[in-house]
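Worksheet: one structure, shown below.
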Amino acid sequence: RAIRAEAADRRLDDLAQKTTTDSGVYLSGPLLLWEAVALAQGYNRPLQQERVGREIARGRIQASYSEALPALDLTGSYVRRDEEMGATISSGEYVPTRLQDQYGTGLKLTQPLFNGRIGAALRAAQLYGAWTEASIRAATESVQRETIRAYYQAVLSEHLLDVNQTALETAERQLADAQARRRQGMASNYDELRAQVEVSNFRAQVLQARNDKDMAYTALYRLMGASPESAVELVDDVPLVPESIDFAVAARTALERRADLAVAEYALRLQRESVAAAQGRYWPEVAGYVSQTWANPDPHESARDEWGDEWQAGVQLNLPLFDGFDRR
């Protein structure tokens, strides 16, 4: 609780500063629509999070190469047995057959020759990179669309506030006129009361419009990654652009270009490659290897208390017959 309280205090101090802080860049002055879109594309936090996916995709592509590239291992060991073993030959001389201390080190190079996962892993990694780029494009288009919508919504909320304030001023003038006419006997108490109700209603509408304006500006600042304490002046007005779009053309364009459809298609293909990789575990695995070992006692003569070396080369075949239904 104490740590959270300190973090809350720091956050409130950050929000109170009209500078470039963790809350975002402080903005002031005129703001054009294209500037708002550019700021959103550069500082929008969810979009920045999506772009980090490129690093993840590069890592997955690099990791997929491990299914096909060779592996080089450095090994080392030390074993101390409970006792030394030996034998006495006919001449009475004791000859050790197993030393008590044994040391060994070596290098082993293994090259996969065949398994059912290589092709699926390489294809899946490439598809993951394409899926990431499509996801970033979808997020970029979504941020751009939402920023334009929020910008025009903020402009509209400002106009609505002006309209309601003008209506309130008109209602207040009508109330003053009704009060003056009532004092002169030219209007009834009902006329004055009705004018007072109109003023109260328009005051409530002004409060609502002012709240809607604050919320619209806050939503715009959040999309741009700007500080909520920013104070900008929206320059562009809401345009009226009548358009005539053929439904068939719009549907074809959407099916060909929508990024979220591309993301779904790549996700489906990724799942197919995952199934192929799982099915590949039913196939045998073949690998060739070359190893070089240095050991004491000599690998060629276990009773010789000296360092020696040996090399090996071969092919390994592994076909799992039962793995506890893991593959299934």
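Because the structure is a prediction, the values reported are computed rather than measured.
For the pair Arg182 and Asn189, the minimum side-chain heavy-atom distance is below 4.5 Å. You'll find the side chain of Thr132 stays beyond 4.5 Å of the side chain of Ile56, heavy atoms only.
Other members of the cluster containing Leu69 are Ile61, Tyr65, Ile118, Leu122, with ILVMFWY side chains joined at under 4.5 Å, either directly or via other members. Chaining together hydrophobic side chains whose heavy atoms lie under 4.5 Å apart leaves Trp311 on its own. Hydrophobic side-chain contacts under 4.5 Å tie Leu156 into a cluster, directly or through other members, with Leu160.
Within the model, atoms CD of Glu233 and CG of Leu31 stand 10.0 Å from one another, a figure rounded to the nearest 0.5 Å. Annotation: the span from Asn164 atom CG to Leu168 atom CG amounts to 8.5 Å, rounded to 0.5 Å. Put simply, CD on Glu273 and CD on Gln126 are 11.0 Å apart, with the number rounded to the nearest 0.5 Å. With values rounded to the nearest 0.5 angstrom, His300 atom NE2 is found 10.5 Å from Arg304 atom CZ. Once rounded to the nearest 0.5 Å, the distance linking CE of Met224 with CG of Asn44 reads 10.5 Å. Here Thr147 contributes atom OG1 and Leu47 contributes atom CG; the two are 9.5 Å apart, rounded to the nearest 0.5 Å.
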### Task
Mind running salt bridge (Lys or Arg N to Asp or Glu O under 4.0 Å) on Arg281 and Asp326 for me, showing each step along the way?
CA-CA 10 Å; Arg281 297 176 60 189; Asp326 184 46; 2.6 Å; yes
### Task
Decide side chain to side chain contact (heavy atoms under 4.5 Å, CB included) for Leu27 and Leu39; before the verdict, give the C-alpha distance in whole Å, the side-chain angles of both, and the deciding distance to 0.1 Å.
CA-CA 10 Å; Leu27 302 176; Leu39 286 169; 3.7 Å; yes
### Task
Begin with the C-alpha distance, continue with both residues' side-chain angles, and end with the deciding distance and a verdict on side chain to side chain contact (heavy atoms under 4.5 Å, CB included) for Leu161 and Val206.
CA-CA 6 Å; Leu161 177 59; Val206 168; 4.2 Å; yes
### Message
Tyr217 vs Val232, test: side chain to side chain contact (heavy atoms under 4.5 Å, CB included). Steps then yes/no.
### Response
CA-CA 9 Å; Tyr217 272 79; Val232 300; 4.2 Å; yes
### Task
Apply the test side-chain hydrogen bond (donor to acceptor under 3.5 Å, both in side chains) to residues Gln48 and Tyr43: give CA-CA distance (whole Å), side-chain angles for both, the deciding distance (0.1 Å), then the verdict.
CA-CA 7 Å; Gln48 291 176 344; Tyr43 295 100; over 6 Å; no
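Side-chain contact annotation: Asp309 with Gln292, donor-acceptor N/O pair under 3.5 Å present.
Applying the side-chain hydrogen bond (donor to acceptor under 3.5 Å, both in side chains) rule to Gln62 yields no partners; only residues at least two apart in sequence or on another chain are considered. Legend: residues meeting side-chain hydrogen bond (donor to acceptor under 3.5 Å, both in side chains) with Glu133, ordered by chain and number and at least two apart, are Arg54. Taking the ring-ring contact (aromatic ring centres under 6.0 Å, His included) definition, one finds that Phe322 meets it with Phe325, sequence neighbours left out. The salt bridge (charged side-chain N to carboxylate O under 4.0 Å, His left out) test applied to Arg117 returns Glu67, Glu285, not counting sequence neighbours. The side-chain hydrogen bond (donor to acceptor under 3.5 Å, both in side chains) check on Asn211 picks up nothing, with sequence neighbours excluded.
Comment: Arg194 does not engage Glu198 in a salt bridge, judged by the lack of any side-chain N to carboxylate O separation of less than 4.0 angstrom. Classification of Asp82 and Arg98 as a salt-bridged pair holds, one side-chain N sitting under 4.0 Å from a carboxylate O. Between Lys108 and Asp73 no salt bridge is recorded (no basic side-chain N to carboxylate O distance below 4.0 Å).
Among residue pairs with one or both ends in residues 102-160, those qualifying as ring-ring contact (aromatic ring centres under 6.0 Å, His included) are Tyr78-Tyr103, Tyr128-Trp131; sequence neighbours excluded. Sorted by first then second residue, the side chain to side chain donor-acceptor pair (under 3.5 Å) pairs that include residues 199-210, not counting sequence neighbours, are Gln208-Asp212. Sorted by first and then second residue, the ring-ring contact (aromatic ring centres under 6.0 Å, His included) pairs with a member in residues 249-291 form an empty list; sequence neighbours excluded.
Clustering ILVMFWY residues whenever any of their side-chain heavy atoms sit less than 4.5 angstrom apart, transitively, puts Val37 in the very cluster that holds Val155.
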For residues 248-259, which side-chain N or O atoms pair as donor and acceptor with protein atoms under 3.5 Å away, sequence neighbours left out?
unit_1	atom_1	unit_2	atom_2	d
Thr253	OG1	Val249	O	2.8
Arg258	NE	Asp260	OD1	3.1
Arg258	NE	Asp260	OD2	3.4
Arg258	NH2	Asp260	OD2	2.7

